[in-house]
Amino acid sequence: MKLAVNFLTIGLVILSLPCGSYTEIPPKPPGSVTVLPPVKPAGGPQAFPDAENSNLPVFTMDYARIQVPFEVTLWVLLASFAKIGFHVYHKITFWVPESCLLISIGLIVGAIMHSVHEEPPAVLSYNVFFLFMLPPIVLESGYFMPTRPFFENVGTVLWFAVVGTLWNSIGIGMSLYAVCQIEAFEVQDINLQENMLFAAIISAVDPVAVLSVFEDVSVNEQLYIVVFGECLFNDAVTVVLYNMFIFVADMPVVEPVDVFLGVARFFVVGLGGMGFGVIFGFVASFTTRFTSNVREIEPLFIFMYSYLAYLVAELFSISSIMAIVTCALTMKYYVEENVSQRSCTTIRHVVKMLGTISETLIFFFLGVVTITTEHEWNWGYIMFTLLLALVWRGLGVLVLTQIINPFRTIPFNFKDQFILGYGGLRGAISFALVFTLPDSIGRKKLFVTTTICMIMFTVFIQGISIRPLIEFINVRRTNRNLETINVEIHSRLIEHTIAGVEDLCGQWSHYYWKDKFLKFNNRILRKILIRDNRAESSIVALYKKLELQNAMEILDTVSGDINAGSSIVSLQYEKKSSGKPKRKFVAADLMNMHDILSKNMYKIRQRTTAYTTKHSLPNDSRTKEILIRRHTSIRRSLRPGSFNGPVWNTRTYSTSQKYRHTYSFKGFTLFFTILYITVSPATQPHTITPPPPCFMVGTTHVEIIRSPTLRLTKHGGWNRKSQTWTHQTKGQISTGLMSIARVFWPKQVSSSYWCPLVVVSLQQFDHEGLVHTVSSEHLMLRCVR
Amino acid sequence: MHIVIKLFGVPLSCPITNSMNIWFSCFLFIIVTPAHIVRLYDRFEALDKEKTGHLRPQDFGAINRLAMNPIGDRIIGAFFSPGQETVDFHSFVRILAHFRPADKKHPKDPSMPEPVNSRTSKLKFAFQLYDQDKDGKISRAELLQVLRSMLEMQVTEEQLESIADRTIQEADLDNDDAISFEEFRKSLEKVNIDHKMSIRFLR
């Protein structure tokens, strides 16, 4: 998107002006022409650069002016061409992860540049990397993180992230210090603090590298989410350790107070990061509540707020990665309900695009910079680092899993643990961190070389071998195509069962907290943050999605010119081939599409009718009939005086087909349903006009009583004050019922006839249409079929 | 009065005369570990307010959160065998034993009947939550009932029917417009039932 590229360009331009880091001679990308910039005064562009030359210059070139954006664009293009090139032959990317290929290309380009004695752009300088290259990747990871498995495994994730990283750092640091003592390696000048600092840098598992490898390999969900979560959340620990050891390296004496301060700092960093993320997420959701009139800039808010979260966290030196991840997590759920469908697709597209570009560039420049930096090679140190990193990670995974397995519902078996340990790839974050080591550390070049070796080793050797290993040792895989309605419904049933049985046994588990959070969410958060507050069950959401997909396919196949599908079906689902049988659902799908897309329903209905008239679709007569019926019922319901209740303004009119989810407060008479029951023509002693033979639902949370032969008998009195019939009853709640609370009857009701029934805030009734006896406040409906 | 308990499928019977004996015999022939038996027995006694040694549906209904569960009534119904009005401690534990995590360490012995917490038994339990009339099939009406109670009035009747139609269409292989147990099992073959239907503290 232009916006993103502009932003990137502007950012880099701004960076290059005051910041002194970008002072190298800009490189010439291979193949371009070097042109001497025309001579001109520094004040600005001038129309006539050569004052002496009296002729009008027909053709001028001014390279210096566009230099920085030009080169940035060329580098990005080069990396993207490399990416295109890999996919020409798909087998390459199957066996070799893209990260390796990109690094290789980077190495080649770096070699070329080195041979012509050019310096690469300082892309991997601290500021550029951490402020511009890293946030898009982390935003992408956070935005597309599967939330439910994440929250189910959050304990394990945090355990591995925090304790695992600590274990690794301390272990590697200590052992490296021990190795340094061996005289043969000539590294005795590295003291303990420097070793620990270095260990902190290279023990962090890197999200960029891991995700690019793990995404293609579909391991089971638990494993994936733990690795995923671990690499995102170990940033907090890395930041703390890094800062602590840098600080400590300068200090002559380390006091025990400092250790406690370190722990306190860890909590500040971790929790502060999450706190900032949550705050910004809520603010972003709240903002999108009001953007219904400015749909074009809706995606902007997502990016601005998440970037802001990142920067503010950087300001306070707390974990910015955690801030942006939690911001994306919180924001996603609410924002996707508030923004339009197009904005939603745009957001996803752009997030993915930015993430991919950043990742590509990072690996690319990793390759380039490898060649062009100065190295210091030391066999012993480097080999031992590689060995120790592997050993400590393996040990760490083993020990930690043993401790946490009893707390998990699915324990990790040894194969899972192996992949967990083996999948700990290091990547660009370590690299950037090692570059920013202060120069006061004598052996900085050695550290740089070791880090590069570590990264190359893990990315190449572990990255390439992990796929065959997974297949060889037969780890539990996951099948990503679980989105059938059956599975969703049955899973939901099972969840309810488990929750019920747990209540029965008097124990709670995470379902309790999940229920609590969901209630809090529905009651408070959604009301504030979402413009159009309807709680939607996941079964319904999945069903809508599947129906929409189906319908779009039908539109696409039947009339091949229509390209309606691609803009609405979002990116994630495009890859999945929907193999749903289309046997019975052709017309019904379209009808449901009209029905169910209740969010944009009015508009979509009109859009699709436009399509249907232009290209003939089968069986649209039925859909039209339903449309007509709906229109008449809406019109009829708006007769003045046909009901008592709140004002039907135009907004409610267009939303009359939606079903609001409200809660039954006592005496909450704001929304109601009009329930039309068939009129018996013979027994009508009163003057109520016969209602139409269909029903319409207003805005309630009420289930419609469908049975057309519902007959109500009066057993109570007419309450003049509230203009309602109240009914006394004693009855039992039979099981599995829906509910009704109070019944409003029009005044001229006499016993046992069929009449329009206005119902408010239902409580319980038996949908089967047989005997509905409800015991609730003053209500009896004795309905006889 | 005899109580029959199965240990890995081997039926053992022992005489009982009072509730203490239940506990004792369960202790000996465990289908759940002893500590959990004690806890469950405490819970059973807490629910059994009139101290009859049996639970009635009203006792279950007293648990507030269970009453608010959309399928709470079905869960309660699952505890009562057909025709019985009360449930004693043995049946109570037996039903709960369905929710133990599966025991992977002991090899399956094909000669013994299926253990209570195997995948098939769990699936059967879930199936019976749907199939209230116990005819071995989930008919469309039964499916609709469950959907209605779970979706809690968020959708119209038409949507519900469409969802139910689609569900049956997806799972129904022999075109009888109902889901049999085999079709149910097949539709869930890729789901890790052991994970979903296990309660950790019953291990």
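The shown structure was predicted, so the numbers you read here are calculated from the model rather than taken from an experiment. Below, read A as the first sequence line, B as the second, and so on, with proteins coming before strands; counting in each chain starts at 1.
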Using 0.5 Å steps for rounding, measure from the [atom1] atom of [X] to the [atom2] atom of [Y].
| X | Y | atom1 | atom2 | value |
| --- | --- | --- | --- | --- |
| B/R166 | A/I489 | CZ | CD1 | 10.5 Å |
| A/I494 | B/L123 | CD1 | CG | 7.0 Å |
| B/H98 | A/T497 | NE2 | OG1 | 12.0 Å |

Under a 4.5 Å heavy-atom cut-off, does chain A meet the side chain of [X], its backbone, both or neither?
| X | value |
| --- | --- |
| B/I179 | side chain |
| B/F79 | side chain |
| B/Y130 | side chain |

- With sequence neighbours left out, what residues match B/E85 under salt bridge (Lys or Arg N to Asp or Glu O under 4.0 Å)?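 So B/E85 forms no salt bridge (Lys or Arg N to Asp or Glu O under 4.0 Å) with any residue.
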- Message: So, applying side-chain contact (heavy atoms from CB on, under 4.5 Å) with A/H490, which one of B/L129, B/L188, B/V146 is it?
- Response: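 The single option meeting the side-chain contact (heavy atoms from CB on, under 4.5 Å) with A/H490 is B/L188.
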